[in-house]
Amino acid sequence: MRESVSQAIPAIARPVVAAFIKRVHKIVFPLEHLYLHGSIAMGGFHPEHSDLDFLIVTSRPLSPEEKLALTRLCLVTSNEPYPIELSVLTVRDLTAWRHPSPFDFHYSEGWRTRFESALRNRGVAMLQSGMTDPDLAAHVRVTCERGLVLYGEALKDVIVGFKEADYMDALMCDANDCLDSIHDTPVYSVLNLTRVLAYCSDRLVLSKQEALDWASHRKFPSDYVQTLKKASVSYAGGEIYFSANELDAFREFAHRKLQAI
């Protein structure tokens with residue numbers, strides 16, 4: 001890992017990231033590029049609940065043996081101490097970009113039980129065969145704008161054919177999910193809806209923490225800024241209670257703003 005990049009990673013997470021990418025190098029032999037994106041690359045990392053977001057680019061699809069080894073690495077490493085989200089794309093996936101993008105491998109905690117079952121049934125190699133992920137457009141855009149290059153070249157110098165409409169589609173899908181689930185995941189939904197509004201309004205790619213400053217400068221109504229402040233405090237580890245009424249009000253406010261864009 002480059003020294004300049006290492007210094008950009010929070011000190012508490014630096015050895016975890018360094019150890020993980022060292023093991024990736026021993027497993028993923030066609031490795032071309034490796035990136036760190038998400039909160040840890042954007043100055044919003046919180047050790048209690050942030051994850052580590054990696055994007056790996058390979059010269060060819062992973063072999064069954066490489067997928068098996070990477071699966072085992074993710075299962076052992078994720079949540080020790082931070083959850084890991086990782087996607088593997090080939091160079092061809094990026095130089096002939098299409099949306100939603102195919103991927104060669106993906107791991108997140110939401111996939112843990114399926115990977116554990118696939119290991120028992122020797123089905124890891126085909127578990128995600130033929131799948132696409134519309135969220136990859138968001139990951140790619142954030143990585144180009146704010147990501148850290150751990151190995152290889154900058155992603156913006158690799159990808160070909162990426163369109164603004166691809167990112168907007170990923171953002172709006174996420175926004176609609178947040179509108180639907182704001183009572184179940186209030187912190188994530190409130191902060192993410194604000195990030196979506198920031199991009200749609202001002203073309204800013206923000207972290208969850210930066211969303212509060214943006215909304216304050218945009219002079220959002222005070223009630224909504226207060227809800228956003230509570231979400232920001234909770235994201236930083238504070239104990240916060242949201243009433244159903246304030247979440248409904250924030251959802252309606254965000255919905256109106258999104259429809260007006």
Side-chain angles (χ1 to χ4, degrees), residues 1-2 5 17 20-21 23-38 40-42 51-75 77-78 83-112 114-115 118 123-174 177 199 205:
M1 184 165 55
R2 301 167 183 174
V5 173
V17 172
F20 183 76
I21 64 175
R23 296 179 72 175
V24 166
H25 274 280
K26 293 180 179 179
I27 289 171
V28 182
F29 296 108
L31 182 67
E32 291 283 333
H33 313 283
L34 176 57
Y35 309 99
L36 189 63
H37 62 96
I40 194 167
M42 299 169 73
D51 54 12
L52 302 179
D53 295 287
F54 294 95
L55 181 63
I56 293 175
V57 182
T58 57
S59 59
R60 57 162 173 78
L62 299 176
S63 68
E65 293 76 18
E66 288 164 343
K67 286 187 178 181
L68 184 62
L70 190 54
T71 296
R72 287 174 171 156
L73 173 61
C74 289
L75 288 172
T77 306
S78 186
I84 286 174
E85 182 166 347
L86 176 152
S87 292
V88 179
L89 287 77
T90 65
V91 169
R92 179 170 176 75
D93 291 331
L94 293 177
T95 56
W97 173 264
R98 53 194 168 105
H99 175 71
S101 177
F103 59 93
D104 193 36
F105 181 91
H106 172 79
Y107 181 85
S108 64
E109 281 301 300
W111 278 88
R112 176 176 285 275
R114 282 170 283 186
F115 271 116
V124 167
M126 299 302 295
L127 180 62
Q128 298 169 327
S129 179
M131 295 184 70
T132 60
D133 182 2
D135 286 343
L136 279 168
H139 298 329
V140 163
R141 181 68 175 81
V142 170
T143 302
C144 287
E145 184 85 11
R146 307 279 305 265
L148 300 176
V149 182
L150 302 177
Y151 180 78
E153 301 175 31
L155 183 57
K156 63 182 178 62
D157 296 329
V158 177
I159 194 165
V160 176
F162 189 87
K163 300 179 180 64
E164 181 73 11
D166 301 338
Y167 183 49
M168 287 296 295
D169 181 65
L171 283 184
M172 294 311 296
C173 286
D174 190 36
D177 287 343
Y199 188 81
V205 177

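Here the structure is a predicted model, which is why all the values come from computation and not from measurement. The residues of the chain are indexed from 1 along the displayed sequence.
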Considering only heavy atoms from C-beta outward, does the side chain of [X] approach that of [Y] to under 4.5 Å?
X: I56; Y: D104; value: no
X: E85; Y: H106; value: yes
X: Y199; Y: R141; value: yes
X: V88; Y: L70; value: yes
X: D135; Y: F103; value: no

Donor-acceptor contact below 3.5 Å, side chain Y35 vs main chain E153: yes

So, for [X] and [Y], which heavy atoms are closest and what is the spacing to 0.1 Å?
X: F20; Y: I84; value: CE1-CD1, 3.6 Å
X: S78; Y: E109; value: OG-OE2, 2.6 Å
X: H139; Y: H37; value: ND1-CE1, 3.6 Å
X: D93; Y: P102; value: OD1-CG, 3.7 Å
X: H33; Y: V158; value: NE2-CG2, 3.8 Å
X: L136; Y: S101; value: CD1-O, 3.9 Å

is_close_aromatic(F115, F105), centroid dist under 6.0 Å: yes

D169 versus H99, side-chain donor and acceptor atoms under 3.5 Å: yes

Aromatic plane relationship, Y151 with H25 - under 30° parallel, 30 to 60° tilted, over 60° perpendicular: perpendicular

Gap separating the CH2 atom of W111 from the OG1 atom of T71, nearest 0.5 angstrom: 10.5 Å

Member of L62, T95, T58 meeting the side-chain contact (heavy atoms from CB on, under 4.5 Å) criterion with T90: T58

